[in-house]
Every structure is written in C-alpha cells, then in structure tokens.
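The block underneath contains the structure these notes are about, expressed in structure tokens.
The figures here come from the full heavy-atom set of this structure, side chains too, leaving out hydrogens, waters and symmetry mates.
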Amino acid sequence: MFGQPHPRTLHLYYRDGHHQLEVCDEDKQTVLYRVYRTSSKPHLTVCRAPGPKNNEEMVGQVSFYHFKSDVDLNVPGNPLSMSKAGFLSSDFELTAADGSCLARFDNASWSRSKQGTLTVMGIPPTEMFDALIVTGLAKIEYQRRSASTRNGSTLNAATVTSH
C-alpha cells in the first residue's frame, strides 16, 4: 500500500514483568517503540525508541474505561478502523477509510514473552506508522484486558476515537 513490495513484520515482546512492551523490527533485535503500561490513565504510553541522534519521543497514549468498551487514543493523523480477521480468529486488521488493509496483528501462541506480530503493509510516512503502532497496541491491550476480566465484552465491542 505505501510503496513497498512486501509487508514488514514487527515483533511484540513483553519486558520488565509485563510493565513494558517492546516493538522490534523484522530482525527481532532492533527496538522501534517502547510501550509503558500503568494501572491509571493513560494506561499505555507509546514512545519511539531513542536513536543515535534523538531521544525517546512519545507518539501516543491510550486510556480505557472500566464500565464501557470505549478506548481513547491520543494519536496524530487520520482515524483508523479495526476489525477481526475472521469469525473465530483473535487476529485483527487495521484498515484505512477506503477499506485497504494497512496492518495485521497475529497473536503469538504458546509464548510467555512474545505477544505476537504486527505486519505493516508497505512503508507509511512516520506519522502514519506511529498511528498504526499506537492503534494496534490499543487493540491488543483491549483484547488482553477483556480476556483477563471475563466481563463478557467482545473484541468487536471496542470503539476507538482519535484525538
């Protein structure tokens, strides 16, 4: 979609006893983003990992509600849509307004530290890439919270608002 002939697969790993999540590049070593999880709002703070010439930079925040399925996102750019990849699947896709798939999240099975993979279609501009990461991680965390509380919420019940 963004001018790259093949999708880019990113790997998601828990660190520091699940208080932090790292988004690593295809080599599984290069950390692109760090996600800090807390029990209070904002529940997720997503930062672009520091590089040789720049410091860690916050690119978005996510807050969840306890008694409803809304998710507040603080991200730049256009809103994105999320949907399950299949009826019985826990995987999902992020799509643009025209319905084209921008990214796909696949859950990891049987792993304590690896959360899954996020496959980004093409090379999006930096701001869109940040928004894809924040939005995808919000959905993953929503799914994790729903499963852990067993409150009857379904994965499709979340509504996402971009600020």
Atom pair [atom1]/[atom2] of [X] and [Y] - distance to nearest 0.5 Å:
X      : Y      : atom1 : atom2 : result
Asp130 : Thr135 : CG    : OG1   : 10.0 Å
Leu132 : Leu118 : CG    : CG    : 7.5 Å
Thr117 : Lys28  : OG1   : NZ    : 9.5 Å
Cys24  : Gln29  : SG    : CD    : 7.5 Å

Just wondering, do [Y] and [X] contact through their side chains at under 4.5 Å, heavy atoms?
X     : Y     : result
Thr38 : Pro42 : no
Leu10 : Asp25 : yes
His43 : Lys41 : yes

>> Using side-chain contact (heavy atoms from CB on, under 4.5 Å), reason through Leu102 and Met121 one step at a time and then give a plain yes or no.
In response: CA-CA 5 Å; Leu102 302 174; Met121 308 306 171; 5.8 Å; no
>> Show every salt bridge (charged side-chain N to carboxylate O under 4.0 Å, His left out) that has at least one partner inside residues 30-39, sequence neighbours left out.
In response: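 Salt bridge (charged side-chain N to carboxylate O under 4.0 Å, His left out) check on residues 30-39 returns Glu22-Arg34, Arg34-Glu56, Arg37-Glu141.
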>> With side chain to side chain contact (heavy atoms under 4.5 Å, CB included) as the test, pick out the partner of Arg48 among Thr126, Leu32, Ile133.
In response: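 Only one of Thr126, Leu32, Ile133 forms a side chain to side chain contact (heavy atoms under 4.5 Å, CB included) with Arg48, namely Thr126.
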> Do you know which of Leu21, Val23, Leu12, Val134 makes side chain to side chain contact (heavy atoms under 4.5 Å, CB included) with Tyr33?
Replying inline: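 Of all the options given, the one that passes is Val23.
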> For Thr30, what residues pass the side chain to side chain donor-acceptor pair (under 3.5 Å) criterion, not counting sequence neighbours?
Replying inline: Asp27
>> Tell me whether Tyr14 shares a hydrophobic cluster with Tyr36, the cluster being built from Ile, Leu, Val, Met, Phe, Trp, Tyr side chains joined at under 4.5 Å.
In response: no
